Asker: 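Encoded as structure tokens, here's the structure I'll be asking about.
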Amino acid sequence: MVIFPIMIILSFMMYIYYKVMIIRDRDPLMQEIKNAKARIALGVFISVFGVNQYLFYQTQLALFITLVFLFFGIVQGYGGIKRLSHYKGEFQKRAQTHQ
């Protein structure tokens with residue numbers, strides 16, 4: 001199961017990338033969009049990390065911890081998706097008014 005460690009590393013790298021890009025951008029709306037993308041990457045990281053730990057240990061305690069990680073990962077990912085769709089709509093509205 002080499003796919004889970006690869007997904008863990010990639011999602012963590014994307015999270016760090018978006019957090020650094022927030023600092024570099026001056027536009028508050030673009031900062032919010034990048035923050036939403038970072039939350040999605042964090043949600044994927046937490047969820048995949050939990051599943052990977054269960055597949056590695058396969059105990060009842062690991063199952064409980066995996067369920068907790070999945071819950072928080074899904075909450076982070078869902079919140080990020082909601083924010084991303086909202087701020088992309090705001091970005092499009094702003095782009096239309098500047099034309």
Side-chain angles (χ1 to χ4, degrees):
M1 284 290 174
V2 75
I3 189 76
F4 288 113
I6 291 171
M7 287 179 64
I8 289 170
I9 292 169
L10 287 178
S11 62
F12 187 70
M13 287 173 56
M14 292 303 296
Y15 174 73
I16 297 296
Y17 171 77
Y18 284 123
K19 283 298 187 180
V20 169
M21 293 307 289
I22 289 171
I23 297 169
R24 297 181 74 192
D25 204 346
R26 298 287 179 227
D27 183 17
L29 187 56
M30 287 303 294
Q31 287 178 344
E32 290 294 333
I33 289 173
K34 289 176 183 170
N35 193 29
K37 290 179 182 181
R39 285 184 66 162
I40 294 169
L42 181 63
V44 171
F45 170 74
I46 293 171
S47 299
V48 173
F49 185 80
V51 171
N52 186 50
Q53 288 303 307
Y54 177 68
L55 291 176
F56 185 72
Y57 292 111
Q58 293 186 356
T59 63
Q60 190 172 7
L61 178 63
L63 177 62
F64 176 72
I65 293 170
T66 297
L67 292 175
V68 171
F69 274 43
L70 275 174
F71 173 74
F72 285 114
I74 290 170
V75 167
Q76 281 290 324
Y78 181 72
I81 290 170
K82 295 277 287 184
R83 286 176 182 234
L84 183 63
S85 65
H86 171 74
Y87 288 121
K88 278 200 172 188
E90 293 295 319
F91 186 74
Q92 289 173 353
K93 285 180 191 175
R94 186 174 76 175
Q96 288 175 353
T97 59
H98 287 308
Q99 289 180 354

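The figures that follow rest on heavy atoms only: side chains count, while hydrogens, waters and symmetry mates do not. Numbering starts at 1 and runs along the sequence shown. Since this is a predicted model, take the numbers as computed values, not measurements.
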Asker: Quick one, Met30 and Phe91 - any side-chain contact, counting heavy atoms below 4.5 Å?
Answerer: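 Contact flag for Met30/Phe91 side chains = yes.
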Asker: Provide the closest heavy-atom pair for Ile8 versus Phe49 in the form atom of the first, atom of the second, distance.
Answerer: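 So the minimum-distance heavy-atom pair works out to CD1-CA, 3.8 Å.
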Asker: Which value, rounded to the nearest 0.5 Å, describes the distance between Phe64 atom CZ and Tyr54 atom OH?
Answerer: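 The OH atom of Tyr54 is 14.5 Å from CZ of Phe64, to the nearest 0.5 Å.
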Asker: To the nearest 0.5 angstrom, please state how far the CD1 atom of Ile74 sits from the CG atom of Leu70.
Answerer: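 Answer for the CD1-CG pair, Ile74 versus Leu70, is 5.5 Å.
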Asker: Which pair of heavy atoms, one from Ala62 and one from Thr59, lies closest together, and at what distance?
Answerer: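 Minimum heavy-atom separation between Ala62 and Thr59: N-OG1, 3.1 Å.
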Asker: Can you give me the closest heavy-atom contact between Gly80 and Ala36, atom names plus distance?
Answerer: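 Taking every non-hydrogen atom into account, O-CB, 3.6 Å.
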Asker: When rounded to the nearest 0.5 angstrom, what distance separates CG in Asn52 from OG in Ser47?
Answerer: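 Reported value, rounded in 0.5 Å steps: 12.5 Å.
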Asker: Might you point out which heavy atoms bring Gly79 and Arg39 nearest each other, and give the distance in Å?
Answerer: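 Gly79 and Arg39 have their closest heavy atoms at CA-NH2, 4.1 Å.
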Asker: To the nearest 0.5 Å, how far apart are CG in Asp27 and NZ in Lys34?
Answerer: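 Going from the CG atom of Asp27 to the NZ atom of Lys34 covers 9.0 Å.
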Asker: Evaluate the side-chain proximity of Glu90 to Leu29: yes if any heavy-atom separation is below 4.5 Å, no if none is.
Answerer: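 Side-chain contact under 4.5 Å: yes.
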Asker: Looking only at non-hydrogen atoms, find the nearest pair between Tyr15 and Leu42 and report the distance.
Answerer: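 What the structure gives for the nearest pair is CD1-CB, 3.8 Å.
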Asker: Please answer: with hydrophobic residues joined when any side-chain heavy atoms are less than 4.5 Å apart, are Val20 and Phe12 in the same cluster?
Answerer: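 Yes: a chain of side-chain contacts under 4.5 Å links Val20 to Phe12.
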Asker: Once you round to the nearest 0.5 Å, how far does CD1 of Ile3 lie from CD1 of Ile6?
Answerer: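 Result: 5.5 Å between the selected atoms.
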Asker: Decide if atom CD of Gln58 counts as having more than 12 heavy atoms of other residues, nucleotides or ligands within a radius under 6.0 Å.
Answerer: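 Yes, CD of Gln58 has more than 12 neighbouring heavy atoms, counting only those of other groups under 6.0 Å.
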Asker: Could you check whether any side-chain heavy atom of Asn35 comes within less than 4.5 Å of a side-chain heavy atom of Gln31, counting everything from C-beta outward?
Answerer: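 Heavy-atom side-chain distance check fails, nothing below 4.5 Å.
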Asker: With the side chain counted from C-beta on, respond yes when Gln76 and Ile40 share a heavy-atom pair under 4.5 Å apart, and no when they do not.
Answerer: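 With C-beta onward as the side chain, the pair stays apart.
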Asker: Any heavy-atom pair between the side chains of Leu67 and Phe71 that's under 4.5 Å?
Answerer: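 No. Closest side-chain heavy atoms not under 4.5 Å.
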Asker: If I take atom CE from residue Met14 and atom CG from residue Leu10, how far apart are they, to the nearest 0.5 angstrom?
Answerer: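 It is 8.5 Å, given to the nearest 0.5 Å.
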Asker: Give the minimum heavy-atom separation between Leu55 and Phe4, together with the two atoms involved.
Answerer: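 In terms of heavy atoms, the two residues are closest at CD1-CE1, 3.3 Å.
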Asker: Could you tell me whether the side chain of Thr66 and the main chain of Val51 form a donor-acceptor pair under 3.5 Å?
Answerer: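 Checking the backbone N and O of Val51 against the side chain of Thr66, no donor-acceptor pair under 3.5 Å is found.
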Asker: Taking the side chain as everything from C-beta on, heavy atoms only, tell me whether Asp25 gets closer than 4.5 Å to Met21.
Answerer: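 Counting from C-beta outward, Asp25 and Met21 never come under 4.5 Å.
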Asker: Honestly curious: do Val44 and Ile16 fall in one hydrophobic cluster under the side-chain, below-4.5 Å linking rule?
Answerer: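 Both belong to a single hydrophobic cluster.
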Asker: Contact between His98 and Arg94 at the side-chain level, heavy atoms closer than 4.5 Å - yes or no?
Answerer: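 Touching, per the 4.5 Å side-chain cut-off.
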Asker: Check whether Ile22 and Ile33 end up in the same hydrophobic cluster, where Ile, Leu, Val, Met, Phe, Trp and Tyr are linked by side-chain heavy atoms less than 4.5 Å apart.
Answerer: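 Ile22 and Ile33: separate clusters.
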Asker: Would Ile23 end up clustered with Tyr87 when hydrophobic side chains under 4.5 Å apart are linked, directly or stepwise?
Answerer: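 Each belongs to a different hydrophobic cluster.
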